[in-house]
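The structure appears below as structure tokens.
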Amino acid sequence: MRIFKKLALAVVALCVCSLAFAPVYASSAEQSVTSAASQGSRSFGFGEEMRGKAFVFYGDSITARLGLYFTDKDYIQLLQEEFGFYAYNGAVSGATYTVHSSTSNHVFSQLSKSQILCRDADYVSVFLGTNDFGSSRALGSMSDPAGTDTVYAAIKQTLNDIIELNPDAKIMLLTPLWRGDAGYAGFDSKNPAGYTLADVRDAVTEVGNAFGCKVVDLTDVITADNAGTHLNGDRLHVKPAGYRAIADKIKNS
């Protein structure tokens, strides 16, 4: 908590991003998921006990506020207002769980740039997966060892790395939102790799549950019926009403 209390988070973010850290996953690539019992419970509820605690958020454009005005509030700000925790938003638009040679924009890059904050956090949230689906990254299966090549493996590796940095952190995983953009509408449309957004949701849920994390299923937050009020014209990025719906789902889960 010292970092969160002594420094303004915006300044911390700039300072931390300038430091040269080695990739987090390099030191824990051989680890693999065990059972919820051996990992211990990392789940939690939202309540008064969060006031004054530190919360780190990782994600893609949804968490990075793409499409919002400065005065609009995202789901982190809405939750922070209500529960009084300190927050660091490390999300980057376009980020994935998996690592691909064509880009360095993935969750491990976010972790690498914020190791000090992650070590100091009481809570850590990861909200990714839709860009893995949109980019047709390999899905894999629950039998995959922790790694960076498939969605299942990368979720495991993400959790391993967070736990390595901060064994006491409570961890929350958010499943992907409904998307209605051309070619990928809904949860049942298959991408060129042959799997659906529902499959990514199931991967996040399965791995998160195995690690004893808090898993928030956002499947019903945005639908074809409310997309007009909850999503921007691209039917992918979120309007203020959608962020309110996300925040409500998270706090009530």
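Remember, predicted model here, so these are calculated numbers, not experimental data.
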Among the clusters formed by ILVMFWY side chains lying less than 4.5 Å apart, do [X] and [Y] turn up in the same one?
| X | Y | result |
| --- | --- | --- |
| Val221 | Trp178 | yes |
| Leu66 | Val107 | no |
| Phe133 | Leu236 | no |
| Leu139 | Ile155 | yes |
| Val207 | Val216 | yes |

Can you name the closest pair of heavy atoms from [X] and [Y] and give their distance?
| X | Y | value |
| --- | --- | --- |
| Ser93 | Asn105 | O-ND2, 2.8 Å |
| Leu177 | Phe127 | CG-CZ, 3.8 Å |
| Tyr58 | Cys118 | OH-CB, 3.6 Å |
| Gly183 | Ser189 | O-CB, 4.2 Å |
| Ser61 | His237 | OG-NE2, 2.9 Å |
| Ala95 | Leu128 | O-CD2, 3.6 Å |

Within this structure, what is the [atom1]-[atom2] distance for the pair [X] and [Y], rounded to the nearest 0.5 Å?
| X | Y | atom1 | atom2 | result |
| --- | --- | --- | --- | --- |
| Asp144 | Asp149 | CG | CG | 9.0 Å |
| Lys170 | Tyr123 | NZ | OH | 8.5 Å |
| Asn89 | Gln110 | CG | CD | 8.5 Å |
| Leu117 | Phe55 | CG | CZ | 14.0 Å |
| Thr130 | Tyr184 | OG1 | OH | 10.0 Å |
| Phe187 | Leu197 | CZ | CG | 5.0 Å |

**Report entry** Working for side chain to side chain contact (heavy atoms under 4.5 Å, CB included), residues Leu173 and Leu159
**Finding:** CA-CA 10 Å; Leu173 299 185; Leu159 295 176; 4.0 Å; yes
Query raised in the report: Does the side chain of Thr223 come under 3.5 Å of the side chain of Asp225 through a donor N or O and an acceptor N or O?
Result: no
Query raised in the report: Would you say the side chains of Tyr75 and Thr63 form a donor-acceptor pair under 3.5 Å?
Result: yes
Report task. With sequence neighbours excluded, give me every salt bridge (charged side-chain N to carboxylate O under 4.0 Å, His left out) pair touching residues 175-200. Result -> Arg179-Asp181
Query - Pairs touching residues 81-101 that satisfy salt bridge (charged side-chain N to carboxylate O under 4.0 Å, His left out), sequence neighbours left out - result: Lys73-Glu81, Glu82-Lys251
Look only at the side chain of [X] and the backbone of [Y], and say whether a donor-acceptor pair between them is shorter than 3.5 Å.
| X | Y | value |
| --- | --- | --- |
| Thr175 | Leu218 | yes |
| Lys156 | Phe211 | no |
| Asp122 | Ala54 | yes |
| Gln80 | Tyr86 | no |
| Asn226 | His230 | no |
| Ser112 | Phe108 | no |
| Asp132 | Thr96 | no |
| Asp74 | Gln77 | yes |
| Asn166 | Asp168 | yes |
| His106 | Ser109 | yes |

Requested in this report: Using the side chain to side chain contact (heavy atoms under 4.5 Å, CB included) rule, take Val126 and Ile162 through it: C-alpha gap first, then chi angles, then the decisive distance, then the call.
Outcome: CA-CA 10 Å; Val126 185; Ile162 292 170; 3.9 Å; yes
Requested in this report: Is it possible for you to check whether Lys214 lies under 6.0 Å from the centre of the six-membered ring of Phe44, through NZ or CZ, and within 45° of that ring's axis?
Outcome: yes
**Report entry** Plane angle bin for Phe57 and Phe85 - parallel if under 30°, tilted between 30 and 60°, otherwise perpendicular
**Finding:** tilted
Report task. Show your reasoning for whether side-chain hydrogen bond (donor to acceptor under 3.5 Å, both in side chains) applies to Asp161 and Gln157. Result -> CA-CA 6 Å; Asp161 289 355; Gln157 191 65 58; 3.0 Å; yes
Requested in this report: Report the C-alpha distance between Thr98 and Arg137 in whole Å, list the side-chain angles of each, state the deciding distance to 0.1 Å, and finish with yes or no for side-chain hydrogen bond (donor to acceptor under 3.5 Å, both in side chains).
Outcome: CA-CA 7 Å; Thr98 52; Arg137 302 287 174 81; 2.9 Å; yes
Query - Intermediate values then yes/no, side chain to side chain contact (heavy atoms under 4.5 Å, CB included), Tyr195 and Val200 - result: CA-CA 8 Å; Tyr195 64 88; Val200 178; 3.6 Å; yes
Requested in this report: Using a strict cut-off of less than 4.0 Å between a Lys/Arg side-chain nitrogen and an Asp/Glu carboxylate oxygen, indicate whether Asp72 and Arg65 qualify as a salt bridge.
Outcome: no
Report summary line: Sorted by chain and number, sequence neighbours left out, side chain to side chain donor-acceptor pair (under 3.5 Å) with Tyr97 holds for none
Report task. Side-chain contact test, heavy atoms from C-beta onward, threshold under 4.5 Å: evaluate it for Val124 versus Met172 and give yes or no. Result -> no
Query raised in the report: What's the verdict on side chain to side chain contact (heavy atoms under 4.5 Å, CB included) for Val92 and Asp60, showing C-alpha distance, side-chain angles and the deciding distance?
Result: CA-CA 5 Å; Val92 178; Asp60 53 32; over 6 Å; no
Query raised in the report: Would Ser143 and Ser141 satisfy side-chain hydrogen bond (donor to acceptor under 3.5 Å, both in side chains), going step by step from the backbone distance to the final call?
Result: CA-CA 5 Å; Ser143 63; Ser141 69; 2.8 Å; yes
